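Take a look at the structure below.
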Amino acid sequence: MKKLINRPEDVVKEELEGIALAFPDMVKVHFDPNFIYRADAPVRGKVAVISGGGSGHEPMHGGFVGVGMLDAACPGQVFTSPTPDQMLEAAKMVDGGAGVLYIVKNYTGDVMNFEMAADMARAEGLRVLNILIDDDVAVKDSLYTAGRRGVGTTVLAEKICGAAAERGYDLRRVADLCRRVNINGRSMGMALTPCTVPMAGKPTFELAEDEMEVGIGIHGEPGRERMKLKTADEITEMLAISIIEDPEYRRTVREFDEEKGEWVDVELVDPPFRRGDRVLAFVNSMGGTPDIELPIIYRKLHEICEKKGLIIVRRLIGRYITSLEMQGCSITLLRMDDEMIDLWDAPVKTPGLRWGI
Amino acid sequence: MKKLINRPEDVVKEELEGIALAFPDMVKVHFDPNFIYRADAPVRGKVAVISGGGSGHEPMHGGFVGVGMLDAACPGQVFTSPTPDQMLEAAKMVDGGAGVLYIVKNYTGDVMNFEMAADMARAEGLRVLNILIDDDVAVKDSLYTAGRRGVGTTVLAEKICGAAAERGYDLRRVADLCRRVNINGRSMGMALTPCTVPMAGKPTFELAEDEMEVGIGIHGEPGRERMKLKTADEITEMLAISIIEDPEYRRTVREFDEEKGEWVDVELVDPPFRRGDRVLAFVNSMGGTPDIELPIIYRKLHEICEKKGLIIVRRLIGRYITSLEMQGCSITLLRMDDEMIDLWDAPVKTPGLRWGI
Amino acid sequence: MPVTTQDLLTCLHRMAEVIEANREYLTALDAAIGDADHGINMDRGFKAALKRLPPVEDKDAGTILKTVGVALVSTVGGAGGPLYGTAFMQAGTVLGGKYELEPQDVLAALDAALQGVVMRGKANLGDKTMVDALTPAVNALREALQNGANIADALEQAALAAEQGMKDTIPMLAKKGRASYLGERSIGHQDPGATSTYLLLRVMADVAREKYG
Amino acid sequence: MPVTTQDLLTCLHRMAEVIEANREYLTALDAAIGDADHGINMDRGFKAALKRLPPVEDKDAGTILKTVGVALVSTVGGAGGPLYGTAFMQAGTVLGGKYELEPQDVLAALDAALQGVVMRGKANLGDKTMVDALTPAVNALREALQNGANIADALEQAALAAEQGMKDTIPMLAKKGRASYLGERSIGHQDPGATSTYLLLRVMADVAREKYG
Ligand SMILES: Nc1ncnc2c1ncn2[C@@H]1O[C@H](COP(=O)(O)OP(=O)(O)O)[C@@H](O)[C@H]1O
Ligand SMILES: Nc1ncnc2c1ncn2[C@@H]1O[C@H](COP(=O)(O)OP(=O)(O)O)[C@@H](O)[C@H]1O
Ligand SMILES: [Mg+2]
Ligand SMILES: [Mg+2]
Ligand SMILES: [Mg+2]
Ligand SMILES: [Mg+2]
């Protein structure tokens with residue numbers, strides 16, 4: 001294993017120490033329990049938006065803490081969900097009195113830990129809502145699986161909800177918006193190479209020189225299918241068509257019902273894409289992909305969207321939700337309405353995403 | 001070779017096509033000869049700042065074209081200097097009547113091609129000056145080598161000179177500033193892994209599982225020395241100390257003398273760092289390094305700078321001057337004065353670097 | 001002879017040892033159908049739990065088990081953290097105030113642990129999770145005790161049932177957790193969580209046999 | 001019998017073939033002490049040059065060579081582009097207006113090429129560059145012609161000298177170009193530019209032998 005690290009068990013701790021020193025104008029770092037939070041938190045009267053998940057997906061989530069995006073991010077060990085105490089303490093630190101939204105990627109571990117944290121936070125008198133992101137079309141059904149994973153749409157939801165909170169939306173409105181972003185976003189990813197979790201010391205899977213994994217998540221796990229290597233255009237087409245032609249997707253998710261004071265099952269429906277939809281096109285590097293390759297993917301995606309009648313109104317191209325040094329890419333398409341576009345364009349100042357400020 | 005590409009010979013062309021589609025608000029792309037230029041070029045009365053070099057170092061240089069940074073970038077084939085006709089046509093396209101600065105990394109190929117281009121542009125009536133960046137302390141002497149390579153300081157010079165041009169500095173002043181940035185910047189890099197040039201199809205060198213290359217350039221070439229792998233802290237210390245304790249560096253470079261109307265040898269001197277110097281600390285990923293590792297490097301660099309009495313006033317951490325998918329990092333320290341700090345902070349809006357706008 | 005809190009502490013220390021010894025093994029199982037962290041996570045959690053034991057060593061079994069549960073929740077992360085954390089916390093709840101445990105107490109605690117895991121994770125039998133090891137273990141324990149077995153023999157039956165349950169996960173198609181994303185490709189691999197559950201039950205049986213067998 | 005522009009064209013086509021055939025070889029040499037592109041660059045350049053030849057095929061030798069030089073400058077890139085481009089352009093300058101080349105013209109052209117390379121790259125003999133192959137070649141050509149050799153024999157001497165010069169770069173420590181960054185590690189490797197220079201001279205000698213030998 002070749003890495004620019006010291007001891008594998010210190011990677012996350014030292015990363016956080018480095019982040020605290022590197023971006024003091026944007027974020028602060030709390031240790032034991034670990035979380036990154038906005039340098040100016042708590043912002044009085046503003047809904048606090050918090051996310052979190054395993055480390056190794058940088059810049060997500062810690063790199064998205066700052067003005068116009070997240071109030072706090074809870075990093076777990078590499079590819080391991082963080083724990084409820086981190087989420088609870090983060091909420092207490094950044095709550096500005098207007099409540100807290102937990103944006104949770106749909107992985108069993110993340111979901112359970114964030115649910116426990118929300119219960120603990122409510123027991124301490126905070127107002128907390130959890131919204132799931134489950135946008136990975138590589139997972140076909142929700143009955144025989146843990147449901148679609150949360151992938152690329154998470155980044156977009158964090159930006160859009162962060163902007164909404166900054167504008168003064170109340171907790172219910174930010175949560176509704178987050179759910180709306182989720183049901184309008186779809187993603188799919190693939191890997192050319194595996195990655196190595198520092199504590200594991202060896203690659204999470206093996207791939208032959210002429211193979212790739214399609215339908216991967218973001219944890220270095222093997223994907224839905226192993227295939228012979230294809231060209232960039234063929235790969236882009238495969239991912240884009242899976243997303244664009246994905247049928248209506250129905251599932252129930254657990255959300256907290258504030259009126260009833262308990263967790264309830266809510267049915268959500270992702271409507272399929274149609275000609276004329278305005279979309280944000282997001283080409284994401286899994287981490288180790290050379291930047292020269294991303295415009296090649298975007299080029300083909302652009303052509304396919306045109307052919308399918310989708311109007312690309314915004315774009316995001318780069319490494320935003322990664323799996324350590326894995327080579328590969330994911331594509332996300334988010335159907336946008338005027339409000340989402342406006343919030344997308346709003347100023348943001350974080351280590352990982354910045355404009356207008 | 002595993003890459004998200006179509007035919008190896010089309011990589012640069014398709015990358016450029018993708019860039020044109022992806023960032024239409026910031027840049028345009030010209031083909032045959034190839035160059036990327038500001039969407040609003042030429043900007044009347046503004047000095048045009050142009051750079052260029054082999055592809056494979058993305059986001060440099062094409063990702064730095066836009067308001068507040070470069071007016072144009074000339075991409076060569078992967079790791080191969082672009083040609084004079086690209087540089088000439090780019091200059092003609094973006095010249096706003098106030099002259100053109102070519103920022104040239106000190107590699108034999110780049111230097112010769114930019115010199116030919118400058119001569120050709122002057123023959124067509126343009127005002128052009130070339131300033132070299134030669135900041136790589138891994139190259140010890142200039143008498144027995146082609147001189148120090150241009151590495152990390154290039155990014156900083158492009159930002160600072162771009163801001164100066166935007167503010168209305170005249171050509172001579174932008175060129176003088178560029179030279180000043182160059183003699184105040186020093187860099188050094190290392191690699192954990194090689195990279196594969198698409199047209200070559202195999203890695204540029206082989207490294208054992210416990211080896212690393214130290215003192216590399218940015219072209220996937222082997223470095224000054226091959227060593228046993230060390231920890232992130234040891235590697236950071238090795239690079240940082242080589243930079244901070246680098247003695248005065250003297251060499252002659254060729255610059256064009258507008259009074260004499262010919263190329264002349266100019267002696268340049270890089271003064272060594274001293275306690276109390278204010279610096280910009282730049283931790284750069286070679287491309288394939290997971291983002292989780294960069295703050296670990298910064299953390300140690302911060303500690304060393306403090307110990308050595310250098311005051312870090314600005315920071316840049318990320319992948320800015322890369323070698324395809326190579327894993328590794330480089331460190332650059334730039335001694336800053338008030339003017340440089342002010343220009344560094346000025347708004348910039350490019351695909352690869354953005355703030356304040 | 002009832003089980004003492006000293007036996008419980010011995011058991012917890014041995015569990016931590018066994019998890020440490022099987023760290024790579026559990027992680028390798030998780031690499032095949034998950035994300036290669038189960039052994040690492042469990043090892044971190046049990047090490048943390050041991051550190052928190054000294055102040056509560058003279059407390060009742062419920063306090064001891066809840067301390068372990070809270071430690072697991074706050075240090076394991078992933079799916080394993082809330083699941084095992086909840087299991088230990090629920091077991092602790094039914095043993096509140098007890099310093100000596102009758103066989104029925106042990107059964108009640110293990111049953112509560114199982115209910116906790118099911119409540120938290122909503123897995124059904126056959127979904128290829130730790131539930132597939134824990135459920136047969138609790139059933140075997142109950143049956144053995146009904147048939148008059150002593151605690152050592154009854155826990156041995158439970159461990160054997162857990163082992164069989166663990167092996168039975170191999171041909172299963174995963175329907176919960178990360179492995180479910182693999183669809184058909186999850187078939188043929190043993191579930192890491194079921195494996196760690198078996199390992200913990202094996203420790204309980206061994207400790208009981210050494211002392212009461 | 002003087003060399004014709006037809007011979008020159010034959011020579012250029014054969015150069016392109018030889019460069020293509022040695023693409024991987026030159027690139028591999030460049031991988032060892034450079035950046036693994038010399039063969040790729042030269043191949044791209046010579047292919048582009050051939051494409052630009054048809055409109056000037058009936059022009060004088062100077063025009064033909066300048067066309068090749070400009071094509072190389074605008075398509076090769078790297079160090080090779082300006083150096084070989086300048087070499088061909090300079091050679092073209094001394095052959096302006098000529099349709100038939102006497103041996104002395106060939107010498108003058110090759111000498112001009114060498115001066116062009118030195119003017120552009122400032123390399124000295126022994127710096128481990130193409131200059132180390134081109135210089136002995138020009139010297140050998142001059143000497144052979146002085147000794148009354150015909151053009152075929154003289155170019156054969158030049159090619160042999162270039163080959164020796166190329167091999168002599170192996171023990172040299174590079175002082176120019178990318179290889180210079182390697183310091184001592186550049187020793188023991190043959191310079192790619194010197195190698196391509198030899199290959200081009202070998203083509204000239206072969207073409208001359210076939211026609212005039
Ligand atoms: N919903 C669930 N109910 C019960 N057990 C589950 C569930 N989801 C996953 N598991 C168990 O958790 C184990 C994986 O744990 P671990 O690797 O620690 O978490 P993660 O999957 O978050 O990395 C699986 O092998 C399985 O036994
Ligand atoms: N200053 C110089 N003068 C003459 N030849 C040089 C000089 N620098 C480099 N070369 C030649 O150029 C060759 C490398 O060419 P090439 O690989 O095309 O360019 P680059 O080094 O830019 O990748 C070297 O092998 C050497 O023979
Ligand atoms: Mg995990
Ligand atoms: Mg090159
Ligand atoms: Mg796991
Ligand atoms: Mg080369």
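Computed from a predicted structure; not experimentally measured. Atom set for the values below is all heavy atoms of this structure, side chains included, hydrogens, waters and symmetry mates excluded. Every chain is numbered from 1 and lettered A, B, ... according to where its sequence line falls, protein lines coming before strand lines.
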Chain A contact via [X] - side chain, backbone, both or neither, heavy atoms under 4.5 Å:
{"X": "C:Ala179", "result": "neither"}
{"X": "C:Arg185", "result": "side chain"}
{"X": "C:Asp37", "result": "side chain"}
{"X": "C:Ala174", "result": "backbone"}

Next item on the list: Can you see which heavy atom on A:Ala200 is nearest to which on C:Ile40, and at what distance?
Entry: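 Heavy atoms only, the tightest pair is N-CD1, 3.9 Å.
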Checklist line | Minimum heavy-atom distance between C:Ser180 and A:Ala146, given as atom pair plus value | finding: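 Looking at all heavy atoms of both residues, the shortest contact is OG-N, 2.9 Å.
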Notebook entry, point to check: Should the pair A:Arg149 and C:Tyr181 be classed as cation-pi, given the thresholds of under 6.0 Å to the six-membered ring centre and 45° from the axis?
Noted result: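 Output yes; distance and angle both within limits.
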Next item on the list: Spell out, as yes or no, whether a donor-acceptor pair under 3.5 Å connects the side chain of C:Arg178 to the backbone of A:His219.
Entry: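 Answer holds: no.
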Next item on the list: Please check if the side chain of A:Thr108 supplies one atom and the backbone of C:Ala79 the other of a donor-acceptor pair under 3.5 Å.
Entry: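 Side chain of A:Thr108 to backbone of C:Ala79: no pair is present.
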What's the separation between atom [atom1] in [X] and atom [atom2] in [Y], rounded to the nearest 0.5 Å?
{"X": "C:Lys176", "Y": "A:Thr145", "atom1": "NZ", "atom2": "OG1", "result": "8.5 Å"}
{"X": "A:Thr204", "Y": "C:Asp30", "atom1": "OG1", "atom2": "CG", "result": "10.5 Å"}
{"X": "A:Glu225", "Y": "C:Glu184", "atom1": "CD", "atom2": "CD", "result": "12.0 Å"}
{"X": "C:Asp127", "Y": "A:Tyr144", "atom1": "CG", "atom2": "OH", "result": "11.0 Å"}

Margin query: Strictly less than 4.5 Å between heavy atoms, which residues of residues 48-78 of chain C line up against chain A? Please order them by number.
Written below: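 Listed by number, the contacting residues are C:Val73, C:Ser74, C:Thr75, C:Val76, C:Gly77, C:Gly78.
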Check: Under a 4.0 Å N-O cut-off, is there an ion pair linking A:Glu9 with C:Lys47?
Finding: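 No, no charged N to carboxylate O under 4.0 Å.
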Item checked: Which residues share a side-chain contact (heavy atoms from CB on, under 4.5 Å) with C:Ile170, sequence neighbours left out ->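 Once residues adjacent in sequence are excluded, the partners of C:Ile170 under the side-chain contact (heavy atoms from CB on, under 4.5 Å) criterion are C:Gln190.
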